[in-house]
Number of protein chains: 2
Amino acid sequence: MTNHLEQKLLSKNIKPTPVRKLVLKKLLDERVAMSLVEIERKLERMDRSSIYRTLRTFEENYLVHAIPDRNGTVRYAVCDDACTCEPRHLHLHFLCLQCNKTYCLTDNPVQIPDLPPGYEVRSADFLIKGICPSCNK
Amino acid sequence: MTNHLEQKLLSKNIKPTPVRKLVLKKLLDERVAMSLVEIERKLERMDRSSIYRTLRTFEENYLVHAIPDRNGTVRYAVCDDACTCEPRHLHLHFLCLQCNKTYCLTDNPVQIPDLPPGYEVRSADFLIKGICPSCNK
DNA sequence: TAAAACTTTGCAACCGGGTTGCATGTATTT
DNA sequence: AAATACATGCAACCCGGTTGCAAAGTTTTA
């Protein structure tokens, strides 16, 4: 419901405007990470630059995180409540090569390996590619 | 030297043409992963589409692998001799947020975590971001 | 060795996602 | 109610990626 969306936005200090609520709703409903254009196509009446700026606002305020894929498109996924998007937070994602959906696998903890001295780690992305359960049956 | 480049190309069944040798040389010399445009800027006289097609050929023949970053650009790095780019091969990369260079950390093994049943893993990318040793001193 | 077939390269044009400037509309403050 | 700030929509632009096509180079075949 709407209130839930508003609360989620407010909890990240984002003013709950109509556009923002719709974009957030879409991201939550689809339950997979979406790119700017994917969102644009699903929200027919909405202007691209509005979605673009909305996604930037979301990312700046740690409501979503970005997941780059091999073709140069970036998809966005809503951070779960525990996600702080802080340094050393590790995002684990699964991209299905068949249906092209990107799943967030938040409950699979991954260790960031020790690096040679001198490397200072700020964040990390782990993207696994393959076939997802629903394409696999 | 040239012969080394030719051998590297031939070992992956790529005909060693002038353009290909130059692109490969540049990738090896710079020792960091480079995007299409980065290569284009370093190789002033060379046509973009030639570089583009060259990179595709390299990738198709497993001479380089692609590393997507957060802004939607894809960088290419020469696979080391052990790298087969096969399923289950895990690429570990480090992107410096300051100098924007991408390093291949091939000697840091990483385990692909166990996923929930139904997920079939084909490949994986692990991108760590932070500050590299030479920016860090 | 010359012609035919194929591959590589360069040029130009295009495409499409991402980005920005600006004007209008909507909310917030005074 | 006026002034200010913020959000939205539109249009235009930018730029990396991609493709079609013709010229140059290479390999094959007769």
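Keep in mind that the numbers below use all heavy atoms, side chains included, and drop hydrogens, waters and symmetry copies. Sequence lines set the chain letters: A, B, ... in the order given, protein chains first and strands last, and positions in each chain run from 1.
With sequence neighbours left out, the side-chain hydrogen bond (donor to acceptor under 3.5 Å, both in side chains) criterion links A/R31 to no other residue. Every residue meeting the side-chain contact (heavy atoms from CB on, under 4.5 Å) condition with A/K25, not counting sequence neighbours, appears here in chain and number order: A/L5, A/D29. Listed by chain and number, the residues in a salt bridge (Lys or Arg N to Asp or Glu O under 4.0 Å) with A/E60 amount to none (sequence neighbours excluded). Taking B/S11 as the reference, nothing meets the side-chain contact (heavy atoms from CB on, under 4.5 Å) condition, with sequence neighbours excluded.
Here the side chain of B/S35 pairs a donor or acceptor atom with the backbone of B/E38 at under 3.5 angstrom.
Between B/N61 atom CG and C/dT7 atom C1' there is a gap of 14 Å when expressed in whole angstrom units. Put simply, CZ on A/R45 is 17 Å from P on D/dT8, counting in whole angstrom units. Regarding B/I39, its CD1 atom lies at a distance of 13 Å from the C1' atom of D/dG16, rounded to whole Å. We find that CG of B/L9 is positioned 12 Å from P of C/dT8, with the value rounded to whole Å. The NZ atom of B/K21 sits 14 Å away from the P atom of C/dT8 (whole-angstrom rounding). Distance CD (B/E59) to P (D/dT18): 10 Å, rounded to an integer number of Å. With rounding to whole Å, B/R20 atom CZ is found 12 Å from D/dT26 atom C1'. Taking atom CD of residue B/E60 and atom P of nucleotide C/dT8, one finds them 11 Å apart after rounding to whole Å.
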Listed pairs under 3.5 Å, donor-acceptor, residues 130-137 of chain B side chains, sequence neighbours left out:
from: B/N136; atom 1: ND2; to: A/G118; atom 2: O; distance (Å): 3.0

(message) Treating primed atoms plus P, OP1 and OP2 as sugar-phosphate and everything else as base, which nucleotides of nucleotides 15-30 of chain C get B, S or - for protein heavy atoms under 4.0 Å?
(response) --BBSBB---------

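OP1 or OP2 of C/dG10 has at least one side-chain nitrogen or oxygen of B/S50 nearer than 4.0 Å.
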